[in-house]
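Remember, it's a predicted structure, so these values are computed and weren't measured experimentally.
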Amino acid sequence: MADRSGFSEHTLRYYEEIGLIGPVDRDPSSGHRRYSPALAERVEALGCLRATGMSIEQLRSYLTGLAAGRKAAPAMTAPFAGHAEHLESEIAALTLRLDYARAKADLWRSRMDDDAVGEQEAVRVAEELAHRLKGSVTP
């Protein structure tokens, strides 16, 4: 299950302990956990959601909505849309940081190549990006 879900064995045991995935049947002879197909599917879905950065509370809300079925659709749409917006913001911030790192690489590459024009352009780009980065830092 750890391989299928992306969760560590420790995390799977923790999620079982806190009731996120419920009790897992045990093999009577070995005591090893045996996930039913339905529970395995549920754990895999949680793994995907957790990989997007959802919190345990958000996972709990998802499971509540899942249990309620289609009638939970109005209540489930907003949290997922909000999470998608959060991810978009993270992507934008990472893209800015990536662009800055690339600009600094270009700057040093221009210096290495003794390319004064390239260096000047790289400095301009890096300074503009640095200004945007400073404005994006939250105390």
- Heavy-atom side-chain proximity of Arg13 to His10 below 4.5 angstrom: yes

- Item | Gap between atom OG1 of Thr64 and atom CE of Met76 - 0.5 Å precision | 8.0 Å

- Between Arg33 and Glu16, is any pair of side-chain heavy atoms under 4.5 Å apart? yes

- Message: Quick check against the 3.5 Å criterion: does Asp113 have a side-chain atom that pairs as donor or acceptor with the backbone of Asp115?
- Response: no

- Item | His83 side chain vs Thr52 backbone, donor-acceptor pair below 3.5 Å | yes

- Message: With heavy-atom distances below 4.5 Å as the criterion, would you say the side chains of Val43 and Arg4 are in contact?
- Response: no

- Message: Less than 4.5 Å apart, side chain to side chain, heavy atoms only: is that true for Leu39 and Ser36?
- Response: yes

- Message: Tell me whether the count of non-hydrogen atoms from other residues, nucleotides or ligands lying under 6.0 Å of CD in Glu90 goes above 12.
- Response: yes

- From Leu96 atom CG to Arg132 atom CZ, the distance as rounded to the nearest 0.5 Å: 5.0 Å

- If you measure only the distance, is there a donor-acceptor pair under 3.5 Å linking the side chains of Glu127 and His131? no

- Item | Residue list, side-chain contact (heavy atoms from CB on, under 4.5 Å) with Val125, at least two apart or on another chain | Ala103, Glu121, Leu129

- Task: To the nearest 0.5 angstrom, please state how far the CG atom of Leu63 sits from the CG atom of Leu46.
- Result: 5.0 Å

- With distance as the sole test, does Gln58 use its side chain to make a donor-acceptor pair with the main-chain N or O of Ser55 at under 3.5 Å? yes

- Side-chain H-bond candidate by donor/acceptor type, Arg50 with Tyr15, under 3.5 Å: yes

- Message: Same cluster or not: Tyr35 versus Ile18, using hydrophobic residues (I, L, V, M, F, W, Y) connected whenever any side-chain heavy atoms lie under 4.5 Å apart?
- Response: yes

- Compare all side-chain heavy atoms of Arg34 with those of Val24 and state whether any distance is below 4.5 angstrom. no

- Indicate yes or no for a side-chain donor-acceptor contact from Thr11 to the backbone of Phe7 under 3.5 Å, with no hydrogens or angles considered. no

- Item | Minimum heavy-atom distance between Ala40 and Met1, given as atom pair plus value | CB-CE, 3.3 Å

- Report the C-alpha separation of Ile21 and Tyr14 in whole Å, then their side-chain angles, then the decisive distance to 0.1 Å, and conclude whether the side chain to side chain contact (heavy atoms under 4.5 Å, CB included) test is met. CA-CA 9 Å; Ile21 60 173; Tyr14 175 69; over 6 Å; no

- Please tell me if the side chains of Lys104 and Leu107 come closer than 4.5 Å, counting only heavy atoms from C-beta onward. yes

- Query: Can you tell if the side chain of Ser5 reaches within under 4.5 Å of the side chain of Leu12, non-hydrogen atoms only?
  - Reply: yes

- Can you check side chain to side chain contact (heavy atoms under 4.5 Å, CB included) on Met54 and Tyr62, steps first, answer last? CA-CA 10 Å; Met54 284 192 157; Tyr62 164 75; 5.6 Å; no

- Message: Once rounded to the nearest 0.5 Å, what's the spacing between atom CG of Leu59 and atom CG of Leu66?
- Response: 11.5 Å

- Query: Does atom CD of Glu128 have more than 12 heavy-atom neighbours from other groups under 6.0 Å away?
  - Reply: yes

- If you take all heavy atoms of Ala2 and Ser8, which pair is closest and at what distance? CB-C, 4.4 Å

- Query: Given the rule in the side chain to side chain contact (heavy atoms under 4.5 Å, CB included) test, do Trp108 and Arg111 qualify, once you have shown the distances and angles that lead to the verdict?
  - Reply: CA-CA 5 Å; Trp108 287 101; Arg111 288 178 177 167; 3.2 Å; yes

